[in-house]
Amino acid sequence: MQGLDASVPVGVGDERTYQVEPLKVALLGCGVVGTEVARLLTSQAEELTARVGAPLELTGIAVRRLGRDRGDLGVDPALLTTDADALVARADVVVEVIGGIEPARALILRAMEHGAGVVTANKALLAEDGPTLFEAAAKHGVDLYYEASVAGAIPLLRPLRESMAGDRVTRVLGIVNGTTNYVLDKMDSTGAGFAEAVEQAQALGYAEADPTADVEGFDAAAKAAILASLAFHTRVSAADVHREGITEVSAADVRAAQQQGCVVKLLAICERVTGADGGDAVSVRVHPAMLPLTHPLAGVREAYNAVYVEAEAAGQLMFYGPGAGGRPTASAVLGDVVAVARHRVTGGRGPGESAYADLPLLPMRDVRTRYHVRLDVADRPGVLAQVAGVFAKHGVSIETVQQRQDDAGRAVLVVVTHTAPDAALSATVDELGELDIVDSVAGVLRVEGGDDR
Ligand SMILES: NC(=O)C1=CN([C@@H]2O[C@H](COP(=O)(O)OP(=O)(O)OC[C@H]3O[C@@H](n4cnc5c(N)ncnc54)[C@H](O)[C@@H]3O)[C@@H](O)[C@H]2O)C=CC1
Ligand SMILES: N[C@@H](CC=O)C(=O)O
Ligand code: NA
């Protein structure tokens, strides 16, 4: 260990010296994120030793196949192994960046049984079966850290879990998927096609192994579940999240948003709301929505993420930064490795799961939202009255109506509503589609960020 000496105090005024016995770190997975974790662990070894108070020894990297060209990893190739079980059995800290449910879950549970602290970036697993992992961590008295699982490099989970533990969070609203933000941004700014933009996001290392998880909103829904669980001290799983992806967002929707002074974003929205019994409840949803250009989230470009957190005492907080990509994500992973390793040196562990509030989930049909509806209609007297009548019948108040002509000279009605229960809006749209005077419902998008949200 060059440059560091076991007799050097850990900090100014601190009489402890660093521990000579290294902490064994096992890395599971060597893909986009794992590669960068390996590089940072190696290239920053000295500084990490000083920060942790003990050297971190990378004891092995579990891969699926040996012999694959991995470029210059910056580590001894002999560290690569296909025997993840053996690695996990002798580690102090296990870093899981394989992704997916199995074998990631089994390996994490085995690591905890052996007494290792765990760092993972695996939002899919946390959102599907987080309680099993949290319970195992509590049972074995080990850490489970997962900052990289939501919004990549942005410190967000630790602020929610620790810094805001004294406040009451009311809302978390954010762009938490880099791939879809990249795709929507390219469609908006360059007119790029959907497929072409997804391919670019894959090449840049933002997309999941199967990009369906990104474009269909599964990735954002998993992150929303993790955020809501932390924000509201309530267990929320991916299955509890209302989810719509961006595959239905057309170039015409993007143009319609522009005409409205808006941009289309895939949003994760977690809110403390009033439930049917008048008590607190939680609403968690992921869907594309129009946002006014004046909204701070509207200016979030490329694969960047941004998350708004509103809390009773703190007010509005904004977290912004790179939400995807190997190196930024590895930064968050390494931060967690240092936290877990510090606990090994000094004793104790970080906070566990907090699910005491156990708030009920509000079904999507009862959530109050706003809609932007585009209708291809017959251009004749009485059409507007008939359309307005359908909105009124379902108790949906209209904010604005505009009549335009499309490129072919046909009449298009654009209606923006005030907030109403989602079920009422959806029934309104269904009935509009059946009117003789409506040729087609050309587009429906929710609207967020207005005066009445
Ligand atoms: N790429 C990104 O921007 C971000 C990724 N994440 C999460 O990080 C994790 C890893 O993501 P990526 O590195 O992008 O995925 P990746 O697909 O590039 O890497 C995963 C690696 O694990 C390997 N693997 C699969 N099964 C294995 C096994 N049984 N044993 C050992 N290795 C095995 C695969 O061969 C692959 O090389 C996922 O949970 C992902 O959701 C989180 C934040 C950002
Ligand atoms: N595929 C994800 C990666 C980060 O979590 C994304 O695009 O945001
Ligand atoms: Na993060």
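Only heavy atoms go into these numbers, but all of them, side chains included; no hydrogens, no water, no symmetry mates.
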How many angstroms lie between [atom1] in [X] and [atom2] in [Y], if you round to the nearest 0.5 Å?
X: Asp376; Y: Asp406; atom1: CG; atom2: CG; value: 6.0 Å
X: Arg255; Y: Asp253; atom1: CZ; atom2: CG; value: 9.5 Å
X: Asp185; Y: Ile175; atom1: CG; atom2: CD1; value: 9.5 Å
X: Phe218; Y: Lys123; atom1: CZ; atom2: NZ; value: 14.0 Å
X: Gln403; Y: Leu413; atom1: CD; atom2: CG; value: 5.5 Å
X: Ser331; Y: Glu36; atom1: OG; atom2: CD; value: 11.0 Å

Under 3.5 Å, is there a donor-acceptor pair between the [X] and [Y] side chains?
X: Asp83; Y: Thr81; answer: no
X: Thr180; Y: Asp214; answer: no
X: Gln405; Y: Asp379; answer: no

* Asked: Just checking, Arg161 and Tyr145: is the charged tip under 6.0 Å from the six-membered ring centre and within 45° of the axis?
  -> yes
Judged by atom type as modelled, is there a donor-acceptor pair below 3.5 Å linking the side chain of [X] to the main-chain atoms of [Y]?
X: Asp143; Y: Gly350; result: yes
X: Arg374; Y: Val414; result: no
X: His394; Y: Val396; result: no
X: Lys223; Y: Val176; result: yes
X: Asp167; Y: Ala311; result: no
X: Thr170; Y: Glu310; result: yes
X: Glu96; Y: Gly99; result: yes
X: Gln200; Y: Leu204; result: no
X: Asp422; Y: Arg368; result: no
X: Gln258; Y: Asp188; result: yes

* Evaluate the side-chain contact (heavy atoms from CB on, under 4.5 Å) criterion for residues Arg65 and Thr82: first the C-alpha distance (whole Å), next the side-chain angles of each, then the deciding distance (0.1 Å), finally the verdict. => CA-CA 7 Å; Arg65 270 178 298 118; Thr82 52; 6.0 Å; no
Taking the side chain as every heavy atom from C-beta outward, state whether [X] and [Y] have any atom pair closer than 4.5 Å.
X: Val416; Y: Gln260; answer: yes
X: Glu244; Y: Arg446; answer: yes
X: His287; Y: Ile269; answer: yes
X: Glu147; Y: Pro159; answer: yes
X: Val367; Y: Val273; answer: no
X: Val118; Y: Tyr146; answer: no
X: Ser229; Y: Val236; answer: yes
X: Val284; Y: Asp240; answer: no

List the atom of [X], the atom of [Y], and the distance in Å for their closest heavy-atom pair.
X: Val264; Y: Leu184; value: O-CD1, 3.6 Å
X: Ala330; Y: Leu40; value: CB-CD1, 3.9 Å
X: Phe319; Y: Pro155; value: CD2-O, 3.2 Å
X: Ala289; Y: Leu267; value: CB-CD1, 3.9 Å
X: Gly100; Y: Leu125; value: O-CB, 3.9 Å
X: Ala306; Y: Met318; value: CB-CE, 3.9 Å

* To do: Answer with yes or no after comparing the ring centroid distance for Phe391 and Tyr371 against a 6.0 Å cut-off, counting only values under it.
  =>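 Ring centroids of Phe391 and Tyr371 are no less than 6.0 Å from each other.
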Can you tell me if [atom1] on [X] sees more than 12 non-hydrogen neighbours from other groups inside 6.0 Å?
X: Asp436; atom1: CG; result: no
X: Arg327; atom1: CZ; result: no
X: Glu248; atom1: CD; result: no

Looking at [X] and [Y], does any basic side-chain N land under 4.0 Å from a carboxylate oxygen?
X: Arg105; Y: Asp129; answer: yes
X: Glu135; Y: Arg235; answer: yes
X: Arg285; Y: Glu271; answer: yes
X: Asp280; Y: Arg272; answer: yes

* Checking side-chain contact (heavy atoms from CB on, under 4.5 Å) for the pair Thr179/Gln202: CA distance, chi angles, key distance, verdict? -> CA-CA 8 Å; Thr179 300; Gln202 278 179 292; over 6 Å; no
* **Step-by-step side-chain contact (heavy atoms from CB on, under 4.5 Å) determination, Val94 to Ile108** => CA-CA 8 Å; Val94 169; Ile108 288 175; 5.8 Å; no
* Evaluate the ring planes of Tyr304 and Tyr320, with Trp represented by its six-membered ring, and classify them as parallel (under 30°), tilted (30 to 60°) or perpendicular (over 60°). =>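 Parallel, since the angle between the ring planes stays under 30°.
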* Verdict with reasoning, Arg68 to Cys30, per side-chain contact (heavy atoms from CB on, under 4.5 Å) -> CA-CA 11 Å; Arg68 226 188 83 195; Cys30 195; over 6 Å; no
